[in-house]
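When reading the values below, keep in mind they use all heavy atoms of this one structure, side chains included, and skip hydrogens, waters and symmetry mates. Quick caveat: nothing in here was measured; it's all calculated off a predicted structure. Each ligand, and each atom within it, is numbered from 1 in the order the structure gives.
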Amino acid sequence: MASLLGATLKAFRLVWICLAITLPSAYGFEKRSYEYKPEDIITRDVCIIGGGSTGTYSAIRLRDMGKSVVVVEKKDVLGGHTNTYVDPATHIPIDYGVIDFHNLSIVTDYFTRLNVPWTTAMFPSTQELYVNFNTGKVVDGFAPAGQAAFAQALDVWISHLEKYPYLSNGFFLPDPVPADLLLPFHDFVKKYSIDALVYSMFEYRQINILVQPTLYVMMNFNLDLIQNILNGFLTTASHDNSDIYRNALAILEKDVLLSSHVIWTDRDSSSEYVKVGVETPSGRKLIQAKKLVITIPPKLSNFKGFDLSQNESSLFGQFSNVAYYTTIVKHDGIPENLSVVNIGPNTPWNLPTLPAILSIYPSGDPGLHEVKFSSPYELSDDAVKAAIVAEFNQLHTGGAVASATTPEFVAFDSHTPFEFSVPADAIKDGFYKKLYALQGQQRTWYTGAAWDVHDSSLLWQFTETLLPAIAA
Ligand SMILES: Cc1cc2nc3c(=O)[nH]c(=O)nc-3n(C[C@H](O)[C@H](O)[C@H](O)COP(=O)(O)OP(=O)(O)OC[C@H]3O[C@@H](n4cnc5c(N)ncnc54)[C@H](O)[C@@H]3O)c2cc1C
Ligand SMILES: *[C@@H]1O[C@H](CO)[C@@H](O)[C@H](O)[C@H]1NC(C)=O
Ligand SMILES: *[C@@H]1O[C@H](CO)[C@@H](O)[C@H](O)[C@H]1NC(C)=O
């Protein structure tokens, strides 16, 4: 009898151990068994995951609304896609990530709060050399659409944007979703003959917009953006956008946990707090907060240890994304005022075939050039660097660039995952209604580019609308 019971218990324990290891509850096991010392328990009104554009904005605004906050950021700086390289020789700062902001009061109010002076963003006029990067040969006779054709196509585009005012602050779509928004953008362009816009839109978005449902192009190439293209964007007066995030960090101080990541979350509705286990450089901490704001890209692999609901998992699992890389290279073979632009000589609307370098353009610091690289899928940093070097070699072989120098990488950052989207069928099926229905459930709110648009100014606007409920 005793041995049978023992064997059963042993078998049971074995099963239990297997479960604890294989199921997400492995994290539950860890959190129950780990003893947090009182000094390692952080109690706040709001815990914010991700200290990029929207996470930092949320933290500052909620603080100013009288709430206590804590931010968990995996990198050792705030700012997300913001990258600034300061040349040690010339001290010239080069923003090779986020550059410009909309001329909106939400932006100037935020900059005022952070004590960051701003100015009109000026883009140096450069000469453009259109090259097929596959061959390294200059594409003779290529010219972007003329001004008249561009203006006419832009008018048509604006008249379409004006039909969908509900897209101005997020994916607030009606049911049924208008058919034009679901068309692959390629088909929309043909249907409405806005060919003259395609190249500029691509230059702005830098990803393969032709395959996207038109909805995403409308979200990105929106009325507010067009107004700023026509009237001028803002940027920091120092031309060092990292100032925004340094100043924010100086205000938030110890309420930011840098180089830290979430190990587990527990949003059990019977508890007074959302609990978040965090690994930090000074050891493991337990955050208990009344509300949770998640700003990290909603890719399932980014949520290891989170107690996602079935709805959260199934919605986030539908997203796909592209990849994008920015870098500054030292190279002596390209004139200081020249942009070398990748053109597909025989592709629809001359868009280059990705993955590839999009353009090589002057950084404003002699000898240094900014290189943008776009890929439909994720690549390792080394693979991207190797591809860039190979394309520079091709530019030399083909004759577009005189010097055979190998580019030297002085700065590099991966902005991957970039541009979250779901297929037209999912959009038609109410994906964004279901996604937005997550807001406020399990005391959790979501913001960030996947929830609106890859544009800091407009994301601050989107985030602002959530704050009253988060602060309530
Ligand atoms: C190269 C580039 C240039 C751009 N230029 C402009 C521009 O000029 N103007 C403009 O308005 N917009 C620009 N954008 C778009 C804009 O920067 C983004 O839309 C904006 O940064 C998105 O904000 P976010 O809060 O969603 O994400 P992010 O700013 O990316 O913030 C997310 C943060 O979460 C952190 N994180 C990720 N995973 C975890 C994790 N598991 N745990 C903890 N932390 C995590 C990240 O390190 C990051 O700091 C640009 C984007 C790119 C890629
Ligand atoms: C921002 O727009 C306002 C008009 O709304 C204008 O007066 C101002 O000059 C613009 N600012 C910059 C720096 O471009
Ligand atoms: C999950 O999603 C379904 C379908 O959208 C919805 O009916 C249900 O209420 C959601 N469940 C929760 C707990 O939010």
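- The nearest non-hydrogen atom to atom 41 (N) of ligand 1, considering only Val453, Thr416, Asp76, Asn302, comes from Asn302.
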Stepwise side-chain hydrogen bond (donor to acceptor under 3.5 Å, both in side chains) check, Thr447 with Thr463 | CA-CA 6 Å; Thr447 182; Thr463 305; 2.9 Å; yes

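- Judged by distance alone, the side chains of Asn241 and Thr236 do bring a donor and an acceptor atom under 3.5 Å apart.
- With respect to the salt-bridge test (charged N to carboxylate O, under 4.0 angstrom), the residues Lys299 and Glu378 do not qualify.
- In this structure, the ring of Tyr361 has its center no less than 6.0 angstrom from the ring center of Phe123.
- Listed by number with element, the atoms of ligand 1 under 4.0 Å from a non-hydrogen atom of His415 are 1 (C), 53 (C).
- Inclusion of Asp100 in the set of residues having an N or O under 3.5 Å from an N or O of ligand 1 is warranted.
- The closest side-chain donor-acceptor pair between Asp100 and Thr235, if any, does not fall under 3.5 angstrom.
- Between Phe319 and the choices Phe418, Phe431, Phe303, the ring pair (Phe, Tyr, Trp, His ring centres under 6.0 Å) rule is met once, by Phe431.
- Separation of atoms CG (Leu225) and CG (Asp455) is listed at 6.5 Å; rounding is to 0.5 Å.
- With atom 3 (C) of ligand 1 as the reference point, the heavy atom nearest to it among Gly97, Ser414, Gly305 is part of Gly97.
- Against a heavy-atom cut-off of under 4.0 Å, Tyr324 is close to the following atoms of ligand 1: 1 (C).
- Of the polar atoms of Gly448, none of the N or O atoms is found under 3.5 Å from an N or O of ligand 1, judged by distance alone.
- In this structure, atom 2 (O) of ligand 3 has protein heavy atoms in its sub-4.0 angstrom surroundings.
- Which of Ser53, Ala449, Ser374 comes nearest to atom 29 (O) of ligand 1 through a heavy atom is settled by distance: it is Ser53.
- Put simply, the side chain of Thr347 gets close to the backbone of Leu351: a donor and an acceptor are under 3.5 Å apart.
- Looking only at heavy atoms of the protein, atom 22 (C) of ligand 1 is closest to Leu459 CD1, 3.4 Å.
- Salt bridge annotation for Asp64-Arg113: present, with a cationic side-chain nitrogen under 4.0 angstrom from a carboxylate oxygen.
- Shortest contact from atom 18 (C) of ligand 1 to any protein heavy atom: His454 ND1, 3.2 Å.
- In this structure, His81 and His415 have tilted ring planes: the angle between them lies in the 30° to 60° band.
- Residue contacts with ligand 2: Asn103 is placed with a nitrogen or oxygen under 3.5 Å of a nitrogen or oxygen of the ligand (distance criterion only).
- For atom 34 (O) of ligand 1, the nearest non-hydrogen atom of the protein is Gly50 CA, 3.4 Å.
- Salt-bridge check for Lys428 with Asp425: failed, with every basic side-chain N at 4.0 Å or more from each acidic carboxylate O.
- Ring orientation note: the planes of Tyr432 and Phe171 are close to parallel, at an angle under 30° on the 30°/60° scale.
- Side chains of Ser270 and Asp268: a donor-acceptor N/O pair is present below 3.5 angstrom, by distance only.
- The closest donor-acceptor contact from the side chain of Asn342 to the backbone of Ser359 lies at 3.5 Å or more, if one exists at all.
- Proximity of Val72 to ligand 1 is established by a heavy-atom distance of less than 4.0 Å.
- Of the heavy atoms in Asn231, none comes closer than 4.0 Å to ligand 2.
- Residue contact check: Lys75 has heavy atoms under 4.0 Å from atoms 47 (O) of ligand 1.
- Atoms CD1 and CZ, on Ile388 and Phe133 in that order, are 10.5 Å from each other to the nearest 0.5 Å.
- Nearest protein heavy-atom neighbour of atom 13 (C) of ligand 2: Thr120 OG1, 3.1 Å.
- Nearest non-hydrogen protein atom to atom 8 (O) of ligand 1 is Ile99 N, 2.7 Å.
- Considering His261, Glu73, Lys74 only, the shortest heavy-atom separation from atom 35 (C) of ligand 1 involves Glu73.
- When the heavy-atom distances from atom 24 (P) of ligand 1 to Thr447, Thr54, Asp455, Thr235 are ranked, the shortest goes to Thr54.
- At a 4.0 Å heavy-atom cut-off, ligand 3 does not touch Gln310 at all.
- Nearest to atom 14 (O) of ligand 3 among the protein's heavy atoms is Gln441 OE1, 2.9 Å.
- For atom 7 (O) of ligand 3, no protein heavy-atom neighbour is present inside the 4.0 Å cut-off.
- In terms of protein heavy-atom proximity, atom 12 (N) of ligand 1 is closest to Ser456 N, 3.5 Å.
- Inclusion of Thr326 in the set of residues having an N or O under 3.5 Å from an N or O of ligand 1 is not warranted.
- Taking distance alone, with nitrogen or oxygen atoms compared against 3.5 Å, Trp118 stays at or beyond that limit from ligand 2.
- Atom 36 (N) of ligand 1 has as its closest protein heavy atom Ile296 CG2, 3.5 Å.
- The shell of residues lying under 4.0 angstrom from ligand 1, judged by heavy atoms, excludes Phe101.
- In this structure a side-chain-to-backbone donor-acceptor pair under 3.5 Å is present from Lys372 to Tyr96.
- Using cut-offs of 30° and 60° on the angle between ring planes, the pair Phe462 and Tyr436 is tilted.
- Here the heavy atom of the protein found nearest to atom 9 (O) of ligand 3 is Asn311 ND2, 4.7 Å.
- Using cut-offs of 30° and 60° on the angle between ring planes, the pair Phe185 and Phe188 is parallel.
- Only one option out of Trp118, Phe233, Tyr110, Trp460 pairs with Phe101 in a ring pair (Phe, Tyr, Trp, His ring centres under 6.0 Å); it is Trp460.
- Nearest to atom 6 (C) of ligand 1 by heavy atom, out of Val98, Leu78, Ile48, is Val98.
- For a threshold of 3.5 Å applied to N or O pairs, the pair formed by Lys434 and ligand 3 contains no separation below that value.
- In terms of protein heavy-atom proximity, atom 31 (O) of ligand 1 is closest to Gly52 CA, 3.1 Å.
- Of all atoms in ligand 1, numbered sequentially from 1 with element shown, those under 4.0 Å from a heavy atom of Phe418 are 53 (C).
- Checked against a 3.5 angstrom limit, the closest N/O atoms of Tyr96 and ligand 1 fall outside it.
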